[in-house]
Amino acid sequence: MKISSIIRFYEELNRYIHKSDQKTDISVNIEKGTTVGALIESLGPPGAAVDLILVNGKPEGFDYILRDNDRVSVYPVFERLNIESVSMIPHSPLRRLTFVCDIHLGRLAKYLRMLGFDTLYSNRYNDDQLIRISNAQNRILLSRDRQLIQDKHVTRRYLISHTDPEEQIREIVSYFDLKNNIAPMTRCLKCNGLVRPVAKEAVRPQVDKPVFERNEKFSECMECGKLYWKGSHYDAMMGWIRKVLGSDKKNSRIL
Ligand SMILES: [Zn+2]
């Protein structure tokens, strides 16, 4: 027995579906017993790209079984500006978020890198460049500038509410539920490049003697060559991470 439903995909989910179905209500006839997740994937978008499903205005999971005349709205991951915190679908552990920060968020960019998140930042990016980078590289554009965030060309975005950088990093970690994805000392604070371990002997010419003697493990940025070691700045950084993220009750067990 067949039932009929109407389904609509929002924002970048339209990339996955047939051109004639983009940004419009799609009428479908489906077998009774079909789940909303199966219907979505049959039309193109992978489940991992979906953050929120509304059926007749109510959030539902992928396993919701469709009924006759249901109306389904499907929103992508990141498209949260207009849907706030109604998301019901657990985040995929494979989801890898990347960011681009506007020119006022230099400290936040550094903090994101400190936690291991791929974050582009330059104090020379203008609004057009920010939007282009965000779209071309699927990066979430972070800004406190409502006008920029609401620009119709921006598809991945988050409007930051706090002004203090420590509050901002707490806000991002909590909002995007990143506490299980934190990987300190994996990314260069200066250039965002990935950091990899390097043989101690190889760094001898580049570091002061006391540093060389006191430390066994060194890492190097694969992009700019900057060296890192688990010395006093590592301890200070881990202390900072605990302080910043630990004081948020929601994230109190991060480290
Ligand atoms: Zn670097």
Side-chain angles (χ1 to χ4, degrees), residues 78 94-144 148 156-158 160 162 164-173 175-176 178-245 254-255:
F78 318 132
L94 298 174
R95 194 170 78 147
R96 235 194 274 137
L97 298 189
T98 60
F99 302 96
V100 55
C101 289
D102 84 6
I103 58 163
H104 303 293
L105 299 174
R107 289 270 298 284
L108 174 64
K110 199 172 161 194
Y111 290 167
L112 282 164
R113 290 173 184 170
M114 218 179 254
L115 300 182
F117 297 111
D118 183 348
T119 307
L120 292 188
Y121 167 80
S122 162
N123 58 11
R124 288 195 291 265
Y125 289 154
N126 62 34
D127 286 1
D128 287 343
Q129 285 171 306
L130 287 165
I131 294 170
R132 260 205 307 277
I133 290 167
S134 165
N135 288 337
Q137 302 182 21
N138 294 330
R139 290 175 180 273
I140 302 168
L141 175 57
L142 299 177
S143 178
R144 296 198 68 245
L148 169 62
R156 292 168 185 238
R157 56 204 162 184
Y158 178 73
I160 295 196
H162 289 96
D164 174 68
E166 291 195 357
E167 292 290 339
Q168 290 171 344
I169 188 73
R170 254 198 291 267
E171 179 182 346
I172 297 291
V173 168
Y175 191 82
F176 289 102
L178 297 177
K179 58 179 182 287
N180 296 322
N181 305 49
I182 290 170
M185 298 284 282
T186 55
R187 208 162 271 282
C188 180
L189 305 186
K190 202 171 113 195
C191 80
N192 193 46
L194 280 170
V195 166
R196 65 169 172 199
V198 60
K200 181 172 178 178
E201 215 31 60
V203 306
R204 187 193 284 275
Q206 293 162 266
V207 295
D208 295 342
K209 212 170 166 217
V211 168
F212 184 80
E213 283 169 357
R214 267 204 306 272
N215 293 282
E216 288 308 310
K217 290 185 175 165
F218 291 86
S219 310
E220 173 185 47
C221 172
M222 290 161 76
E223 300 291 325
C224 75
K226 186 174 162 63
L227 288 175
Y228 292 88
W229 55 89
K230 285 193 174 181
S232 52
H233 18 320
Y234 178 79
D235 293 338
M237 194 176 90
M238 294 308 282
W240 175 86
I241 292 172
R242 271 188 219 101
K243 177 179 105 88
V244 165
L245 301 176
I254 284 175
L255 296 165

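Atoms within each ligand, like the ligands themselves, are counted from 1 in listed order. None of the values given here were measured: they were computed from a predicted structure.
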* List-wise, which protein N, O or S atoms are found short of 2.8 Å from the Zn ion (ligand 1)? -> C188 SG, C191 SG, C221 SG, C224 SG
* All side-chain contact (heavy atoms from CB on, under 4.5 Å) counterparts of L194, not counting sequence neighbours -> R187, M222
* Hey, which of T98, T119, D118 is the one that makes side chain to side chain donor-acceptor pair (under 3.5 Å) with N192? -> D118
* Structure fact -> Tightest non-hydrogen contact, residues K200 and E213, listed as NZ-O, 4.2 Å
* Results of ring-ring contact (aromatic ring centres under 6.0 Å, His included) for Y111 - residues two or more places apart only -> W240
* Can you tell me if CZ on R144 sees more than 12 non-hydrogen neighbours from other groups inside 6.0 Å? -> yes
* Residues that K217 engages under side-chain contact (heavy atoms from CB on, under 4.5 Å), provided they are two or more places apart -> none
